[in-house]
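Quick note: residue numbers are just sequence positions, from 1. As a basis for the values below, the full set of heavy atoms in this structure was taken, side chains included, without hydrogen atoms, waters or symmetry mates. Each ligand, and each atom within it, is numbered from 1 in the order the structure gives. Model, not experiment: these values are computed from the prediction.
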Amino acid sequence: MGKAEMRKVLITGALGQIGSELAFALAERYGADNVVSSDIRDDVDCRMDGAGRFIRLDVLAKDEFSAAVGGNGIGVIYHLAALLSAVGEGNPQKAWKINMGGLVNALESARENGCSLFVPSSIGAFGPDTPQDDTPQDTIMRPHSMYGVTKVSGELLCDYYHRKFGVDTRGVRFPGIISNATLPGGGTTDYAVDIFYKAILEGKYTCYLKEDTSLDMMYMPDAIKAAIGVMEADEAKLKHRNSFNVTAMHFTPEMLCAEIRKHIKDFTMDYRVDPMRQRIADSWPNYMDDSAAREEWGWTPDFDLAAMTADMIRVLGARHEQGLLV
Ligand code: NAD
């Protein structure tokens, strides 16, 4: 039995896009009694029934954070609370405060209570000087967005806490995450989720990125698989920790549009480019090399572009037929 299976798990930012689905996966794997979900928001409703206990926690409140970890017998923290790339670029000071202040408190709470800590990094940690094709695991990282600055700083800080204090910190560089449950929280890759809702509801979509903008993406079941997989990996085999490149597919808006048309024949797309998000997307990899994750802890995705598109349309289409898609 791996470490994580014996100890309770705390998720921060659990009402967000990833946390709201990760909580169910962890509850299913370790038992709902062993999962505590938290967020600064407390608009928790029956959506989260069955995903463990919920507590309100502001990750900037250090004493409350550490007390929640110690008081609930937590052994593993999934630290997801953060501001994403587009929102963060709109308010860089706040992005630094939440992303770095929250991370320092997560690291200290983990150090004080002997916890393992998962911290997601992002393709946003790369910048315009990074090789854009087959982006290596270890390469130039000089991001231009505040989000990226916090992600690179976070990776370095997590490695530092491992070396200096022996904290078991691990992470992955997530690409854009596509899900059919919770809407994304203001990132540069949100179009790849929005497009499905608009395709089903209106049969057309206006994209804010240029048609040939290639980015790495991943369907939510694979994102959850990666987050749990890296935390359950055999520590002795890890050469890297913070953070592993992981990807499942890469595509452009034009390619996604063509794939959706295989299911919704009349679907049309036009473009109104948002310069801020285009600038961010242009500075990120076209596609990453994730061989370190494959070699060190056996990472393999289950969904490619065709499988993800078919599943999104199946799930959202069924919800639309029940009148539940808004
Ligand atoms: P999200 O924006 O959907 O959710 C973040 C959650 O954090 C929200 O529910 C918000 O209420 C909460 N939060 C904000 N400030 C807080 C605070 N002070 N205290 C406690 N909670 C607070 O984000 P997500 O998409 O679920 O992303 C989770 C993590 O994964 C982030 O670190 C993000 O950078 C990373 N990531 C996400 C993606 C993606 O495509 N979704 C891609 C790469 C990396």
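- In this structure, Leu15 has a heavy atom closer than 4.0 Å to ligand 1.
- By the 4.0 Å N-to-carboxylate-O rule, Asp168 lies close enough to Arg241 to be salt-bridged with it.
- Short contacts between ligand 1 and Leu80, defined as distances under 4.0 Å to a heavy atom of the residue, involve ligand atoms 28 (C), 29 (C), 31 (C), 32 (O).
- In terms of protein heavy-atom proximity, atom 33 (C) of ligand 1 is closest to Leu84 CD2, 3.3 Å.
- Distance alone, capped at 3.5 Å, places no donor-acceptor pair between the Glu112 side chain and the Ser66 backbone.
- The protein heavy-atom contact nearest to atom 34 (O) of ligand 1 is Tyr147 OH, 2.6 Å.
- Ligand 1 places these atoms under 4.0 Å from at least one heavy atom of Pro175: 40 (O), 42 (C), 43 (C).
- For atom 35 (C) of ligand 1, the nearest non-hydrogen atom from the set Pro120, Gly88, Ala223 comes from Pro120.
- Not a single donor-acceptor pair under 3.5 Å links the side chain of Lys62 to the backbone N or O of Ala106.
- In the vicinity of Ser121, heavy-atom distances shorter than 4.0 Å reach the ligand 1 atoms 43 (C), 44 (C).
- Residue-ligand proximity: Ser85 is placed with every non-hydrogen atom at 4.0 Å or more from ligand 1.
- Interface atoms of ligand 1 facing Leu57, defined by a heavy-atom separation under 4.0 Å, are 19 (N), 20 (C).
- Nearest non-hydrogen protein atom to atom 39 (C) of ligand 1 is Ile177 CG1, 3.4 Å.
- When each atom of ligand 1 is checked for a heavy atom of Ala82 under 4.0 Å away, the hits are 5 (C), 7 (O), 31 (C), 32 (O).
- Atom CG of Asp49 sits in a crowded spot, with more than 12 heavy atoms from other residues, nucleotides or ligands closer than 6.0 Å.
- Near Ser122, meaning under 4.0 Å from one of its heavy atoms, ligand 1 places the atoms 43 (C), 44 (C).
- Between Phe244 and His240, the angle of the ring planes goes over 60°, which puts this pair in the perpendicular group of the 30/60° scheme.
- In summary, Asp194 and Lys198 do not engage in a salt bridge, as defined by a charged side-chain N under 4.0 Å from a carboxylate O.
- Remark: Arg173 CZ to Trp284 CH2 distance equals 13.5 Å, nearest 0.5 Å.
- Under the rule for a side chain to side chain donor-acceptor pair (under 3.5 Å), the partners of Arg53 that lie at least two apart in sequence or sit in another chain are Asn72.
- A salt bridge links Asp302 to Lys225: at least one charged side-chain nitrogen sits closer than 4.0 Å to a carboxylate oxygen.
- Within the 4.0 Å heavy-atom shell around ligand 1 one finds Lys151.
- Interface atoms of ligand 1 facing Asp58, defined by a heavy-atom separation under 4.0 Å, are 17 (C), 18 (N), 19 (N).
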